[in-house]
Amino acid sequence: MSQGVPLTEESRADDPEIDRDNDDSTHEIADDIAYKRLAIVNVVFVGQPGAGDREWVLIDAGLPGFAGAIKHAASERFGEESRPAAILMTHGHFDHVGSLETLADDWDAPIYAHLLEQPYLDGRSAYPPPDPTVGGGLMALTSPLFPPSPVNVSRRLRLLPDDHSAPHMNGWRWIHTPGHTPGHVSFWREGDRSLIVGDAFVTTRQESAYAAIFQKPEMHGPPMYYTSDWDSARESVQALAALEPELVVTGHGRAMKGPEMRGALHILARDFDEIARPKHGRYAREPAHADASGTTSVPPKE
Ligand SMILES: [Zn+2]
Ligand SMILES: [Zn+2]
């Protein structure tokens, strides 16, 4: 069972007065950043409210069956029938791509991802098998939603630009943060030190079904069950902590801000192997390997 570094509700980036169970709302956390929780996973809207058609982006695309909810939230925030300029992917795990194909089709929007993540988005490769021995909260919750085959959005898929600019996100850069997956990326805006990290680290425990639902705030490493390279995951967390973010938006758990969040992130980075890395399990000592064609080798089952 993974440990977490304690956080308090005081560090929530949205209004802590909002009912903790009221998760139908879209949580605004900066003028032009909002996130919405869909059951257990967040999607992020970047753009000014009322921005209008093609003037904003969506980051990640949630579980299957949530396209309607995401479109409804987008219409409310950006204007009726407003479509994004693009959908940007932190990574391609099924809980982040579930509604991707429907949304991209309905919106006729391009999808951007890292070169090393593309094999999992264009049908060429499957991720390394998850490790059910390291705790199954998220797995137990979401296994009925497991897709029968890898997603294939190759028609719309584009590469993130080599210059690290984030498409249609003025002032933002993408950062390669591998470990959880090979082509995992985070998005960073130095101007106000905002950081969108997907599952590079998360702010609630994913290994417990209870915590995954109630989202008690805690700083955690990437969800254990799906992480296949722990050395890279540690280096990515260390690189993100070194940015000294003011605001973090994670794929799971609430967006958090301020000095307590930063302190917890630094503890996670410093003591990562103690706090976040499983003591046993398929990938605890040996990573899965991948290249631009997808998964190339996985360690044997324990
Ligand atoms: Zn993931
Ligand atoms: Zn996830």
Side-chain angles (χ1 to χ4, degrees), residues 2 4 23 35-44 58-66 70 87-100 111 113-114 116-121 125-132 134-147 150-151 175-187 195-209 211-213 215 218-230 232-234 236-237 240 248-255 276-278 281-283 287-288 290 294-295:
S2 78
D23 281 308
Y35 73 100
K36 185 173 179 63
R37 174 182 166 194
L38 307 157
I40 52 140
V41 63
N42 299 323
V43 298
V44 189
L58 178 72
I59 298 177
D60 291 349
L63 288 164
F66 285 91
I70 294 170
I87 303 171
L88 277 55
M89 301 306 301
T90 63
H91 65 303
H93 275 155
F94 83 95
D95 52 328
H96 298 247
V97 302
S99 294
L100 179 60
I111 299 162
H114 191 276
L116 295 175
E117 206 66 10
Q118 302 225 335
Y120 314 101
L121 293 163
S125 182
Y127 286 109
D131 184 358
V134 294
L138 179 69
M139 172 191 66
L141 280 174
T142 55
S143 55
L145 300 168
F146 261 64
V151 69
I175 302 169
H176 188 202
T177 46
H180 182 58
T181 68
H184 189 287
V185 298
S186 302
F187 298 97
L195 184 59
I196 300 168
V197 303
D199 290 357
F201 61 86
V202 299
T203 56
T204 192
R205 183 194 299 269
Q206 286 304 297
E207 288 74 29
S208 142
I213 291 168
Q215 300 206 305
E218 279 185 350
M219 187 65 77
H220 279 268
M224 280 185 171
Y225 177 70
Y226 293 112
T227 300
S228 55
D229 181 344
W230 286 97
S232 296
R234 180 186 60 237
S236 291
V237 166
L240 293 171
V248 296
V249 191
T250 51
H252 305 273
R254 295 189 184 278
R277 188 174 187 134
R282 188 165 192 166
Y283 307 103
T295 306

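Indexing begins at 1, ligand by ligand and atom by atom, following the structure's order.
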- Message: Within rounding of 10°, what is the angle whose vertex is the Zn ion (ligand 1) and whose arms end at NE2 of H91 and NE2 of H180?
- Response: 110°
- Item | Member of L100, L88, I70 meeting the side chain to side chain contact (heavy atoms under 4.5 Å, CB included) criterion with L58 | I70
- Query: Can you tell if the side chain of L63 reaches within under 4.5 Å of the side chain of L38, non-hydrogen atoms only?
  - Reply: no
- Task: Using only N, O or S atoms, tell me which atom of D199 is closest to the Zn ion (ligand 2).
- Result: OD2
- Message: Can you tell me if, anywhere in H93, an N/O/S atom lies at a distance from the Zn ion (ligand 2) that is smaller than 2.8 Å?
- Response: no
- Return the orientation label for the Y127 and Y120 ring planes: parallel under 30°, perpendicular over 60°, tilted otherwise. parallel
- Query: Angle subtended at the Zn ion (ligand 2) by OD2 of D95 and NE2 of H96, to 10 degrees?
  - Reply: 100°
- Do H114 and H176 make the cut of ring centroids closer than 6.0 angstrom? yes
